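All remarks here apply to the structure that follows.
Note that the coordinates shown come from a computational prediction; the quantities given were computed from them, not determined experimentally. Lettering follows sequence order; numbering is per chain, from 1.
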Amino acid sequence: MKYSALFGALTVTGLAATGASAQSTLETVQDRGELVCGVNTGLTGFAEQGADNEWTGFDVALCKAVAAAVLGDASAVSYVPTTSTDRFDLLTSGRIDMLSRNTTWTYSRDVDLAMDFAGVNYYDGQGFMVRSDMGVGSATELDGATICIQSGTTTELNLADYFATNGMSFTAQSGETNAELEQAFLAGSCDAYTTDASGLAATRASFPNPDDYIILPEIISKEPLGPATRENDSDWTDIVAWTLNALIAAEELGVTSDNVEEMASADNENPEVRRLLGVEGDLGQMMGLDNDWAVNVISATGNYGEIFEEFLGESTPIGLARGLNAQWTDGGLLYAPPFR
Amino acid sequence: MAASPSQIGPVFRPSMLLYDSRYRSITIQIVVLLLVMAGIGWLLHNLFTNLAQLGRTLDFDFLGRRAGYEITPSLIQYSADNTHWRALVVGLLNTLLVALVGCILATIVGVLVGVLRLSNNWLVGRLMTVYVEVFRNIPVLLWILMLFAVLKEATPAPNAYRLTPAMVEAGQSADASMFLGSFAVTNRYTTMPTPLLSRGPGGIDLGFVNFSGGFLILALILIASILAVRYLGRRATRIQAETGKRPTTWWQSLLILFVPVILALWAMGFYIQVPEITSFNFSGGIQLSNGFVALTLALALYTGAFIAEIVRAGILAVSRGQSEAAFALGLRPGWTMRLVILPQALRVIVPPLISQYLNLTKNSSLALAASYLDLRGTLGGITLNQTGRGLECMLLLMAIYLIISLLISSGMNVFNSRVRLKER
């Protein structure tokens, strides 16, 4: 494989050697001193680049958490904006170390696409947004409508299935990025815009007059969104998965960015908190990380609940309720396996 | 001892492969060929090793699976339940449609502008110069995006054409009205009336496309009429050659051309269906999507600017003496153009014209910028993403574009050999 590293660029396919075989992704990231993370090109609340060129958002926070776990520095991340069409190639070709870009976990992507999903960081479902003056109150009234849709997404397939099942027809207007479709929808070039409900809320929040638009009540699919890594890279996938689990467990255990330092002491009463924060046992070393990796993660980004509130929660313009994304103890689906 | 026949000629020794100039060139060619083959083989080996390392293999089975997505517009019958292969064909036909319409429009624009640029009228000449320079010096992608944006932003939504009973009562009129009551430009598509037959003989369903039997009959009648008119013309020429007088044929030709078609249309109940606004969109008419219009127009105007220069060059390449000689023989300007200038200009025009047609066809792969689903949008876009078979899709895409280009260029080469200067 060494020779391919030299001539890989020459291959007609542009499929360069991954370098993965020579070095594990963990070693690569540690040597580089930086995590290369694939994020959305721009989706309010999930991944957006501010005026100071700093990336922020719900998905970006996961990149920062992984960087904090591996390198102890949440800012050691280089972000690669990915579109819905190039994200998997960027991941499998080794251009990015992990993909944190509201990507739906599906069977064929997991099994067929040479990538693994490291868990679910947002339980979503596909919805529709329309102008409120159209007088449409339900997705079943959209027969004959022109619908804006991001190409290469699972929503594209759900849409065709949903309309066929309900005996309705539609005209699709496809685009590559959220921004392009937002513009088409605002110009009235399509009657409805469909994507994950969280994305709709985020998009609506960024409109000049959000109240002129409503999100229809129907949720037509299950969209578990999660971070993805390359296949057969279990050590690295473990790190991403358990970083996410640590964020979720921290919320359940009441560990926040404010109290993490004080919780991380040997005289904490809860043994699971002691194991999670590395003051007891050596869970971190099992993954090849420092034992205080989870402390770094939580002090850098906060726990899952804090991240959610900061970027998506009720206090933000997006204003999403926790819903399915509440802890299992609150009737949601978040359930981190035990740290033991 | 008599020399054996084998010793008569020069004896071949292996060293002659290198030192004998008769064999050296062959040796070099074989070595180069082997090197090139080894290089390609090595690249392929590299590719397959890399793919295996990523846990992937070249596999085209996905073409037979259910596509699951909708494509509009589609020239053949297609639904989400069809295979990726059918989606590929739909995309290919959309590409070919843009290429065909684009090439025709570009040629018309190019010839007009090219000739007008040579006009003696100062204003017309300069205007055409401005056109050529503006269009060929701005990237075609920007033209596509701009035309698409104009169509999207500056035209009313279909809803603006709606006239509700409440509005009628209030004495208001709709925000936008249809041109001639039957054409409407909206921010999604341009809709226009469609010709239909109410008593047609039914269609011929081939599974992927439903040929209208009535229009097939009409096409046959039209072809028969044209053949009859041509026979009439040849007969008139023969009579003219024999007697020196050409019989009047124009009214007979018109009768043959129009009467059978009109009779057939009447018999099959021909009518024109005007599009109407229904729930969200217009229905019952032909719809040209804005993506198609923007893409085709942008490609035609852009390529037309290049063709204009080619046409101008072709006409200027015919020396002035040719037309002066033709005038001296008493030929009128129209005849001079048709019989003397054009045949010679075509020799210069056609070869670069082939390149322009190929460029236009390949540039049509920018369709995604205008949300038009061509081959790049279906096979190289949605299918690629839904199946994740990037390499396979790209290889197929390249092979198909290569085949289209080779077909266009061989077709144009046949035409070129017909207009070429015949050297005997």
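- Looking at B:Asn159 and A:Asp191, their side chains never come closer than 4.5 Å, going by heavy atoms from C-beta outward.
- Residue contact with chain A, scored on non-hydrogen atoms closer than 4.5 Å, is absent for B:Ala149.
- Listed options B:Arg389, B:Gln386, B:Glu70 were ranked by heavy-atom pairs under 4.5 angstrom with chain A; first place goes to B:Gln386.
- For chain B, no part of A:Ala164 is nearby; none of its heavy atoms comes within less than 4.5 Å.
- When each of A:Thr146, A:Thr153, A:Val136, A:Asp161 is scored by its heavy-atom pairs under 4.5 Å with chain B, the top score falls to A:Thr146.
- Side-chain N or O atoms of A:Asp89 include none that pairs as donor or acceptor with a backbone N or O of B:Gly390 at under 3.5 Å.
- The line from OG1 of A:Thr171 to CZ of B:Phe280 is 11.0 Å long, rounded to the nearest 0.5 Å.
- Only the side chain of A:Met134 comes within contact range of chain B, with at least one heavy atom under 4.5 Å from a heavy atom of that chain.
- Interatomic distance, B:Ile382 CD1 to A:Ser174 OG, rounded to the nearest 0.5 Å: 5.0 Å.
- Ranked by heavy-atom pairs shorter than 4.5 Å toward chain B, the options A:Ala187, A:Gly175, A:Ala145 are led by A:Ala145.
- Of the two parts of B:Ile71, neither the backbone nor the side chain holds a non-hydrogen atom closer than 4.5 Å to a non-hydrogen atom of chain A.
- Contact of A:Glu156 with chain B is made through backbone and side chain together, with heavy-atom distances under 4.5 Å.
- For B:Phe282, no part sits under 4.5 Å from any heavy atom of chain A, backbone or side chain.
- Considering OH of B:Tyr189 and OG of A:Ser189, their distance stands at 10.5 Å, rounded to 0.5 Å.
- Remark: the backbone N or O of A:Gly188 is paired with a side-chain donor or acceptor of B:Asn187 at under 3.5 angstrom.
- Side-chain contact between A:Glu180 and B:Ser371: present, with at least one pair of heavy atoms (C-beta onward) separated by less than 4.5 Å.
- Summarising the geometry, atom CZ belonging to A:Phe170 is positioned 12.5 Å from atom CG belonging to B:Asn281; distances are rounded to the nearest 0.5 Å.
- For A:Asp143, the part lying near chain B is the backbone, with the side chain staying farther off; criterion is any non-hydrogen pair under 4.5 Å.
- Residues B:Tyr69 and A:Leu157 have side chains in contact (heavy-atom distance under 4.5 Å, counting atoms from C-beta outward).
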| field | Audit row: A:Gln183, B:Glu153, side-chain contact (heavy atoms from CB on, under 4.5 Å) steps and yes/no | value | CA-CA 10 Å; A:Gln183 195 204 356; B:Glu153 307 278 351; 3.3 Å; yes

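- Only the backbone of B:Thr387 comes within less than 4.5 Å of a heavy atom in chain A; its side chain stays farther off.
- With a 4.5 angstrom heavy-atom cutoff, A:Leu142 touches chain B via backbone and side-chain atoms both.
- Surrounding CD of B:Glu276 are at most 12 heavy atoms belonging to other residues, nucleotides or ligands under 6.0 Å away.
- A 6.0 Å sphere centred on CZ of B:Arg162 holds more than 12 heavy atoms belonging to other residues, nucleotides or ligands.
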